[in-house]
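Heads up: the structure comes next, in structure tokens.
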Amino acid sequence: GQQLNQSPQSMFIQEGEDVSMNCTSSSIFNTWLWYKQDPGEGPVLLIALYKAGELTSNGRLTAQFGITRKDSFLNISASIPSDVGIYFCSSRTGNNRKLIWGLGTSLAVNP
Amino acid sequence: EAQVTQNPRYLITVTGKKLTVTCSQNMNHEYMSWYRQDPGLGLRQIYYSMNVEVTDKGDVPEGYKVSRKEKRNFPLILESPSPNQTSLYFCASSDSNSGAEQYFGPGTRLTVT
């Protein structure tokens, strides 16, 4: 079945560093979504991408929809302690009503 | 405030004792969904609903039931809970029929002994 391969699985960085994570698949998708889950909370949508090549920013976060439509990346610039959490990518094909989810990237930030 | 609410937030129960986890959204969303989250397995969809009286199975529906009698509510029912249903459960809703851009509830941590 369709799978999203999210990497890295976990990251431990120093405050102020930039972070990059990505999501890849062997399937073509028409939507990429990036969510963040804070400890003890439900996931919250960060960025939604709907067009191949699209580059979208949300504050210190930037995400891109890969031109092949098989991948997406999320960058966080100048990380701060509140960036700690699990970041999930999610996607869907055409008229498919189901979202496919990556297994998440766990981010820890050392102040 | 736009939100998805779940109750209870924490529940410890015994094998076989029927339980219901409620989910309600105040955003008039057509689409609602239930997920379970387990370590190393990410988010797995249990059931989803495209609208009132329309429900469909997700990836892991066994042992669960749902109903959608009203647009705002989407309860998850465990008729006979078993220990392998110990998990963190999330309800989500969306205003897109495709289910993209979902809003999640705060989660219900269920322990079945």
Side-chain angles (χ1 to χ4, degrees), chain A residues 1-10 21-25 29-52 54 56 58 61 63 65 69 72 85-107, chain B residues 1-7 9-10 21 23-25 27 29-51 54-61 68 76 87-109:
Chain A
Q2 295 173 324
Q3 286 186 320
L4 297 184
N5 301 307
Q6 197 168 345
S7 65
Q9 185 175 357
S10 62
M21 61 189 77
N22 64 72
C23 208
T24 62
S25 176
F29 295 102
N30 65 4
T31 301
W32 285 97
L33 307 166
W34 284 94
Y35 285 82
K36 182 195 177 195
Q37 183 177 24
D38 289 328
E41 302 290 332
V44 174
L45 181 67
L46 297 173
I47 294 177
L49 303 161
Y50 293 101
K51 187 176 177 181
E54 181 181 356
T56 298
N58 178 3
L61 278 61
F65 192 140
R69 295 170 61 194
S72 177
I86 303 175
Y87 292 79
F88 291 100
C89 63
S90 179
S91 194
R92 68 180 175 125
T93 56
N95 293 323
N96 195 325
R97 295 168 179 176
K98 273 173 47 61
L99 289 181
I100 312 296
W101 292 84
L103 294 184
T105 293
S106 179
L107 178 64
Chain B
E1 179 188 355
Q3 60 183 355
V4 178
T5 57
Q6 295 178 227
N7 282 292
R9 293 290 312 276
Y10 303 90
V21 183
C23 173
S24 181
Q25 50 92 5
M27 296 169 279
H29 286 170
E30 294 87 7
Y31 183 94
M32 297 186 74
S33 179
W34 275 102
Y35 294 90
R36 61 178 289 173
Q37 185 176 29
D38 302 289
L41 298 177
L43 288 162
R44 294 182 292 168
Q45 190 176 49
I46 303 171
Y47 269 94
Y48 64 95
S49 169
M50 299 297 292
N51 214 323
V54 181
T55 62
D56 209 345
K57 296 178 180 179
D59 298 314
V60 289
R68 188 89 182 274
L76 179 69
S87 187
L88 179 59
Y89 291 86
F90 289 103
C91 180
S93 73
S94 172
D95 64 359
S96 162
N97 282 334
S98 64
E101 301 192 28
Q102 295 182 20
Y103 295 82
F104 283 79
T108 295
R109 184 165 292 282

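Numbers restart at 1 for each chain; the letters A, B, ... are given by sequence-line order, proteins then strands.
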- line: Okay, A:Q6 and chain B: the region with an atom under 4.5 Å from a heavy atom over there is neither

query: Should the heavy atoms of other residues, nucleotides or ligands under 6.0 Å from OH of B:Y89 be counted, would the total exceed 12?
result: yes

- request: Against chain A, work out which of B:L43, B:D59, B:L88 has the most heavy-atom pairs shorter than 4.5 Å and name it.
  value: B:L43

message: To the closest 0.5 Å, what do you measure between CG (A:L99) and OH (B:Y31)?
response: 6.0 Å

- prompt: Given that the side chain runs from C-beta out, which part of B:Q6 has a heavy atom under 4.5 Å from chain A: side chain, backbone, both or neither?
  reply: neither

query: Between B:R9 and A:G40, what is the shortest heavy-atom contact and its length?
result: NH2-O, 3.7 Å

query: Side chain, backbone, both or neither: which part of B:R44 has a non-hydrogen atom closer than 4.5 Å to chain A?
result: neither

field: chain B contacts, top residue of A:P43, A:G104, A:S91 (heavy-atom pairs, under 4.5 Å)
entry: A:P43

message: More than 12 heavy atoms of other residues, nucleotides or ligands under 6.0 Å from CD of B:Q3: yes or no?
response: yes

- request: Please report the shortest heavy-atom distance between A:Y35 and B:Q102, naming the atom on each side.
  value: OH-N, 2.8 Å

Between B:F90 and A:W101, ring centroids under 6.0 Å: no

